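Report on the structure given below.
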Amino acid sequence: MELPEVEVMRRDLEKDVVGRKIQSAEVRPTRNAMRVVRRHGKRKEFTSRLEGRKITKAERRGKYVLLHLDNGDVLVVHFGMSGRFLRGTKRQSLPPHTHVVLTFHQGGDLRFVDPRTFGEMFVTTADELGKVKELQHIAIDPLDHVFTWQTFGGLLAQRASKLKPLLMDQKFISGLGNIYSDEVLFAAGLRHDRMSDSLSSQEVRRLYRALQEVLQEAIRYRGTTLEDEAYVDLFGKPGEFQAELKVYGREGQPCRRCRTPIQSVKIAGRSSYYCPQCQS
DNA sequence: GTTTAACCCTGCACGC
DNA sequence: TGCGTGCAGGGTTAAA
């Protein structure tokens, strides 16, 4: 789950979960449930800090969602590759790999489902929140209004790195993963292996605009759902941006702009897709 | 400083 | 049909 999917999830949570009070919290007896709440030694250390609390705010930081509680504590959630939140009711059976269930006073529950358990969740106090290493290291958000193309150009020039891994580096800029970094680079007309300090100011502006446009569009389409098991929103509904993808997963298919077949290469173990004609 | 590989998991598609 | 292999949208770490 990358920035657009996390942002759609945050908005769903804000509409449907903020304001609700947690009646009970359960860490399920699944094989890997303790991996999900790995920062808590025992189930109870996690659940007791949630029970009786009201959720007051849903915030996003990079790919993290922060659910603020009425006592100042914060439930920090990272979805990893297969984690997701799902709203449900008592009558609906729990999907496989449901590791955590929060049941609300007003009815209904919130399930955290994660087959591959690369995701995690933990509760922290407001004071300790600032000390969470992963959150401290999250770089500027590309949709933040303080993120200007001039700032971005300065950051790019300071580094001597290939664009693709740099865009995916959460300490450089937050929110992009494998799909959207490819789509942004295509929209900017830049190759994955262009060096960050080699861009003209025109190219910097193109990259900057591509970031805004691709991410905003993906949010508007409610995220990318590639396969059945992949991302769905809070209510189990898939996104629709997959139909808008220009390069990701389209190896061998004609470029939507110039009809040249899309190429794929492995970079650091991850597949990258690009148009050899449109990107340089 | 930058890049690569390995690792943490499960599920699925694919080829034999 | 069954089995092994590789791969998947993330992030950390150690080593090159």
Side-chain angles (χ1 to χ4, degrees), chain A residues 1-9 28 30-39 60-65 76-85 95-99 112-122 132-139 155-186 192-198 214-215 218-219 221-233 238-251 264-273:
Chain A
M1 204 187 277
E2 308 180 37
L3 187 153
E5 292 79 28
V6 179
E7 177 61 21
V8 169
M9 181 57 74
R28 302 275 309 156
T30 52
R31 193 179 350 155
N32 289 310
M34 288 312 293
R35 271 186 54 77
V36 169
V37 292
R38 58 184 85 109
R39 299 197 197 200
R60 181 181 61 78
R61 294 197 197 171
K63 297 177 188 172
Y64 285 82
V65 162
V76 180
V77 184
H78 191 278
F79 298 99
M81 287 168 80
S82 59
R84 65 175 88 150
F85 268 139
H97 307 294
T98 301
H99 304 297
F112 186 78
V113 183
D114 188 0
R116 290 165 65 186
T117 60
F118 287 0
E120 76 160 320
M121 53 203 308
F122 60 93
V132 175
K133 208 172 65 175
E134 291 88 338
L135 295 175
Q136 281 180 336
H137 291 165
I138 292 176
L155 292 170
L156 286 164
Q158 282 169 26
R159 302 286 292 263
S161 168
K162 291 173 178 168
L163 283 180
K164 161 115 175 169
L166 193 56
L167 289 178
M168 287 174 66
D169 182 353
Q170 304 302 301
K171 297 193 274 300
F172 180 74
I173 182 174
S174 64
L176 296 192
N178 206 27
I179 296 178
Y180 292 108
S181 55
D182 278 1
E183 293 298 314
V184 165
L185 285 169
F186 175 82
H192 55 84
D193 54 358
R194 272 292 294 279
M195 297 304 285
S196 57
D197 54 1
S198 78
V214 169
L215 295 174
I219 292 170
Y221 281 85
R222 298 191 59 78
T224 301
T225 303
L226 287 176
E227 285 144 31
D228 295 344
E229 279 297 309
Y231 163 80
V232 287
D233 71 13
E240 293 178 351
F241 194 69
Q242 58 278 7
E244 310 303 315
L245 295 174
K246 305 288 195 297
V247 285
Y248 187 85
R250 300 193 65 246
E251 182 178 14
S264 168
V265 284
K266 281 268 178 216
I267 303 170
R270 298 238 154 85
S271 305
S272 279
Y273 302 87

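Fair warning: this is a prediction, and the values are worked out from it, not measured in the lab.
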Base, sugar-phosphate, or nothing: which does [X] touch, judged by heavy atoms less than 4.0 Å apart?
X: A:Lys266; result: sugar-phosphate
X: A:Thr224; result: base
X: A:Glu5; result: nothing

(message) Counting only side-chain heavy atoms from C-beta out, which of B:dC9, B:dT2, C:dG11 sits nearest to A:Gln170?
(response)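 Nearest to the side-chain atoms of A:Gln170, counting from C-beta on, is C:dG11.
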(request) Side chain of A:Arg31 only, please: which of B:dT10, B:dT2, B:dC9 is the nearest? (result)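 So the side chain of A:Arg31 is nearest to B:dT10.
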(request) Could you check which nucleotide pairs with B:dC9 in any of the strands shown, counting Watson-Crick or G-U wobble with both distances under 3.5 Å? (result)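 The answer is none; no pair meets the criterion.
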(message) Between C:dT1 and B:dT10, how far apart are the two C1' atoms, rounded to whole Å?
(response)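 Pairwise C1' distance, C:dT1 against B:dT10, rounds to 22 Å.
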(message) Say we look at B:dC9 and C:dC3: how far apart would their P atoms be, to the nearest angstrom?
(response) 24 Å
(message) For C:dG11 and A:Lys63 - does any side-chain N or O of the residue sit under 4.0 Å from the phosphate oxygens OP1/OP2?
(response)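 For C:dG11, OP1 or OP2 has a side-chain N or O of A:Lys63 closer than 4.0 Å.
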(message) Please determine whether a side-chain nitrogen or oxygen atom of A:Thr117 lies at a distance below 4.0 Å from atom OP1 or OP2 of B:dC8.
(response)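 No, A:Thr117 has no side-chain N/O under 4.0 Å of OP1/OP2 on B:dC8.
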(message) I want to confirm an ordering. Mapping A:His97 and A:Ser161 to their closest nucleotides on DNA chain B, which one lands closer to the 5' end?
(response) A:Ser161
(message) Using heavy-atom distances to pick each residue's nearest nucleotide on DNA chain B, tell me which of A:Arg270 and A:Met195 is more 5'.
(response)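 Result of the comparison: A:Met195.
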(request) With the side chain counted from C-beta on, respond yes when A:Ser271 and A:Lys266 share a heavy-atom pair under 4.5 Å apart, and no when they do not. (result) yes
(request) Classify the ring geometry between A:Phe79 and A:Phe85 as parallel (under 30°), tilted (30 to 60°) or perpendicular (over 60°). (result)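 A:Phe79 and A:Phe85: perpendicular rings.
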(request) Could you tell me which non-hydrogen atom of A:Met168 sits nearest to which non-hydrogen atom of A:Asn178, and how far apart they are? (result) CE-N, 3.8 Å
(request) Would you kindly compare A:Arg116 and A:Glu134 by the position of their nearest DNA chain C nucleotide and give the one closer to the 5′ end? (result) A:Arg116
(request) Quickly work out the A:Leu176 CG to C:dG10 C1' distance and round it to whole Å. (result) 13 Å
(request) Decide whether a cation-pi geometry holds between A:Arg61 and A:Tyr64; the criteria are a distance under 6.0 Å from NZ or CZ to the six-membered ring centre and an angle within 45° of the ring axis. (result)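 Not satisfied by the 6.0 Å and 45° rule.
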(request) Decide, applying a 5.5 Å centre-distance limit and a 30° plane-angle limit (both strict), whether A:Phe118 stacks on B:dC8. (result)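 Stacked: ring centres under 5.5 Å, planes under 30°.
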